[in-house]
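Have a look at the structure below, then the notes.
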Amino acid sequence: MSVGLQRLREDAHRVRQGALDKGEDPALVDEALALDARRRQQLGATDALRAERKGLSERIGKQLRKGGDPGSSEVVALRGRSSEIGRRIESAEAISADIQARLDDLLLRIPNPADPEVPVGGEEASVIVRTWGEPAAHAESGWTRRPHWEVADSLGIFDLAGGAKVAGSGFPVYRGAGAALQRALIDLFIGIHTREHGMTEIWPPAVVNAESARGTGQIPDKEDQMYVVTRDDLYLVPTAEVPVTNLHRDEILEGSRLPIRYVAYSPCFRREAGAAGSKTRGILRVHQFDKVEMVCFERPAESGQTLEWLTERAESCLQRLGLAYRVKLMATRDMGFVQAKKYDLEAWAPGVEDWLEVSSVSNFRDYQARRMDIRWRPTPTSKAEMVHTLNGSGLALARTVAAVLEVYQRPDGSLEVPEVLRPRLGDTLRPAL
RNA sequence: GGAGAGGUGGCCGAGUGGUUGAAGGCGACGGUCUUGAAAACCGUAGGCACGCAAGUGCUCGUGAGUUCGAAUCUCACCCUCUCCGCCA
């Protein structure tokens, strides 16, 4: 991703402040500006040389077409001068390429400035903007809610040991009603988004090539978080965002096509290198999980309100399941390098007594689009400009399942199936014998 | 995986070394005509970079190379199509 050179020139102050707010180095902005000035100067010099050579070549062409002798002293002289300029062009180009490479590298290290209404600060500065539903109590009269892995155990719907055997730790296996629950949730969410929210369903590949991984910024920023198929130079997708957003890479979209709103299911693969810790129990942090992702391409003027809309679409999934949740507006240092504004949705899990992040909804403004060169044309004759991209989970399954199990468990070890899922799963899941 | 064909502007499609950034058609946009629309006719028009501008450069799948000069020649890679093999 990168902030645009144009914005850098016109609004350097805010980009600098944006870097500062995100805890990044604001000096990079000035370095980039200086390098950009050199680049432009160098470009002018190179272009002049090329123009000169072009003129000479044209003169040679004219001579020869007139029937001139290729060996005549005039032609030979012209050739000599042209060759000489050619050598100067080569060295000028080498300098340009070097400057360009350094500038590109710098640009990648300047973060997307946060929107003005985003609180400045770290985790402590993030604010809960609303909560929905009543967080279920851990202990009620006569019984205490168990963590989801224990609920799953008594229901016989996870086979974590089986997953560890066939793939490795962190690759869960769902069996019986557990498998059916996965399938039901995926279908429920996609149905909500397509039928009620008018999104177009995409069923993407589970691997992407290096260009796509670069497009959404997995390379080079998060390369060690991805599983790589080195033999074929492919990457297992960490989220459907990667293949779906890249669908329009290097395209100019007609204004009449916007907004484009996709919903896509995909398995998600993450190495989670170095993430072992307290919140990794059960299926809270795994190497493979399932997620329904929403991806939008918007007119810049509308992306602000689309972020709110997308967040509400994700919320509707939680509401449908009857899960209590809260919406957190992430502060500048809590939201990441590339987002302009981001909400996290956290569902209450009474067994582990914690809020679980089940969705993350972000507005990238034009930051991602610039990297992928996705533009739009407001009218058929106007100049193309960058689109705004947004995405949000709606929802990530593993943690949603954990919340469902902990909220809907009964003292007798059975599970009350949430009402929306009853047509697919029946009323109750009973403990395995 | 093997053999063959091919990748040119929004689309189709000419173009095999020298004003070709690229004929022609369709589509698009502006206009004439019309009550309105269609048709017809006239006109405009790719993208990117640098520049106040005039303009200059780059761009014919991608990257290297040959040449004074490459859409046109050479090499590698990618993709598409057809046939064969294999296969859920």
Side-chain angles (χ1 to χ4, degrees), chain A residues 2-10 32-104 106-107 203 205-215 229-235 243 246-258 260 267 297 366 369-387:
Chain A
S2 103
V3 74
L5 271 175
Q6 198 183 337
R7 176 162 187 200
L8 214 56
R9 288 181 209 135
E10 290 166 2
L33 246 21
L35 216 46
D36 176 47
R38 280 191 55 200
R39 179 187 67 101
R40 286 191 278 171
Q41 185 199 348
Q42 182 64 28
L43 227 47
T46 312
D47 280 4
L49 284 173
R50 275 201 274 247
E52 199 177 344
R53 179 176 65 183
K54 205 172 180 180
L56 290 171
S57 288
E58 257 167 44
R59 281 170 63 191
I60 294 170
K62 270 184 194 146
Q63 287 286 327
L64 296 183
R65 254 177 308 120
K66 265 193 313 197
D69 175 9
S72 75
S73 60
E74 190 184 352
V75 171
V76 170
L78 287 172
R79 269 199 199 142
R81 276 174 62 194
S82 190
S83 292
E84 163 59 20
I85 292 170
R87 281 190 287 279
R88 286 165 62 193
I89 290 174
E90 263 181 56
S91 66
E93 278 175 342
I95 295 172
S96 294
D98 175 59
I99 294 174
Q100 187 68 52
R102 281 157 58 197
L103 183 57
D104 288 346
L106 266 178
L107 253 21
W203 200 281
V207 294
V208 292
N209 56 32
E211 280 156 284
S212 297
R214 204 170 295 118
V229 184
T230 52
R231 183 174 176 142
D232 298 292
D233 199 19
L234 292 170
Y235 301 80
N246 273 285
L247 238 28
H248 294 298
R249 172 156 47 86
D250 296 321
E251 285 184 10
I252 296 176
L253 306 165
E254 287 308 322
S256 56
R257 288 185 64 185
L258 296 180
I260 295 173
F297 301 82
D366 64 359
R370 186 167 296 105
R371 185 156 183 163
M372 272 181 280
D373 199 19
I374 307 178
R375 288 171 290 167
W376 72 295
R377 218 188 285 282
T379 70
T381 51
S382 55
K383 197 169 158 58
E385 51 185 278
M386 294 296 159
V387 292

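As rounded to whole Å, 11 Å separates atom C1' of B/rG65 from atom CD of A/Glu90. Rounded to whole Å, atom C1' of B/rU59 lies 14 Å from atom CG of A/Asp250. One atom, CG of A/Asp232, and another, P of B/rC79, lie 11 Å apart when rounded to the nearest Å. Put simply, CD on A/Glu251 is 14 Å from P on B/rG9, counting in whole angstrom units. Between the CD atom of A/Glu211 and the C1' atom of B/rC79 there is a distance of 11 Å, rounded to whole Å. Computed from coordinates, the A/Ile89 CD1 to B/rG69 C1' distance equals 11 Å when rounded to whole Å. Spacing between atom CD of A/Gln41 and atom P of B/rG51 amounts to 11 Å, rounded to whole angstrom units. Counting to the nearest Å, the P atom of B/rC68 and the CD atom of A/Glu52 are 17 Å from each other.
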Check against salt bridge (charged side-chain N to carboxylate O under 4.0 Å, His left out), A/Arg87 and A/Glu84: CA-CA 5 Å; A/Arg87 281 190 287 279; A/Glu84 163 59 20; 3.4 Å; yes
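No more than 12 heavy atoms of other residues, nucleotides or ligands lie within 6.0 Å of CZ in A/Arg88, so this atom counts as exposed by the packing criterion. Heavy atoms from other residues, nucleotides or ligands lying under 6.0 Å from CD of A/Gln41 number 12 at most. Counted within 6.0 Å of CZ on A/Arg40, heavy atoms from surrounding residues, nucleotides or ligands total more than 12; the atom is thus considered enclosed. Crowding of A/Arg249 atom CZ: a count of heavy atoms from other residues, nucleotides or ligands under 6.0 Å exceeding 12. Atom CZ of A/Arg81 is surrounded by 12 or fewer heavy atoms from other residues, nucleotides or ligands within 6.0 Å.
B/rC73 and B/rG6: their P atoms are spaced 12 Å apart (whole Å). For B/rG24 and B/rG31, the P atoms lie 24 Å apart once the distance is rounded to whole Å. Taking the P atom of each, B/rG47 and B/rA64 are spaced 25 Å apart, rounded to whole Å. When the C1' atom is used for both B/rG18 and B/rA3, the distance is 38 Å, rounded to whole Å. Nucleotides B/rU56 and B/rA38 place their P atoms 39 Å apart, quoted to the nearest Å. To the nearest whole angstrom, the two P atoms, one in B/rC84 and one in B/rC75, are 29 Å apart. Comparing B/rC41 with B/rG55, their C1' atoms sit 35 Å apart, to the nearest whole Å. Using P as the reference atom, B/rG17 and B/rC86 are 45 Å apart when rounded to the nearest Å.
Across all their heavy atoms, A/Trp376 and A/Gly255 have their closest contact at CE3-CA, 3.9 Å. A/Ala32 and A/Leu8 get closest at one heavy-atom pair: CB-CD2, 3.7 Å. Of all the heavy atoms in A/His248 and A/Ile374, the pair that sits closest is O-CG1, 3.4 Å.
Counting any heavy atom pair closer than 4.0 Å across all strands shown, A/Arg53 reaches sugar-phosphate atoms only and no base atom.
Taking 4.0 angstrom as the limit, A/Lys54 places none of its side-chain polar atoms (N or O) nearer than this to OP1 or OP2 of B/rC68. Side-chain N/O atoms of A/Arg40 include one lying less than 4.0 angstrom from OP1 or OP2 on B/rG51.
For B/rC50, the paired base is B/rG55 (Watson-Crick or G-U wobble, both distances below 3.5 Å). Under the Watson-Crick or G-U wobble criterion, with both distances below 3.5 Å, B/rU80 is paired with B/rA5. Pair check for B/rA64 finds B/rU74; Watson-Crick or G-U wobble, both atom distances under 3.5 Å. Across every strand in view, B/rG24 sits in a pair with B/rC12 that passes the Watson-Crick or G-U test at under 3.5 angstrom. For B/rA39, there is no paired base (Watson-Crick or G-U wobble, both distances below 3.5 Å).
Nearest-nucleotide mapping onto RNA chain B: of A/Asp36 and A/Thr381, the residue sitting toward the 5' end is A/Thr381. Where A/Ala48 and A/Ser82 meet RNA chain B, the nucleotide closest to each residue was compared, and A/Ala48 sits on the side nearer the 5' end.
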Name the pairs: protein N/O against N/O of nucleotides 18-20 of chain B, kept only if under 3.5 Å.
unit_1	atom_1	unit_2	atom_2	d
B/rG18	N2	A/Ser57	O	3.1

Within the sub-3.5 Å range, which N or O atoms of nucleotides 42-49 of chain B have a protein N or O partner, and how far apart are they?
unit_1	atom_1	unit_2	atom_2	d
B/rG47	O3'	A/Arg375	NH1	3.2
B/rC48	OP1	A/Arg375	NH1	2.6

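The closest side-chain heavy-atom distance from A/Asp373 to A/Met386 is below 4.5 Å. Two residues are said to be in side-chain contact when any heavy atoms from C-beta on lie closer than 4.5 Å; A/Arg7 and A/Arg370 fail this criterion.
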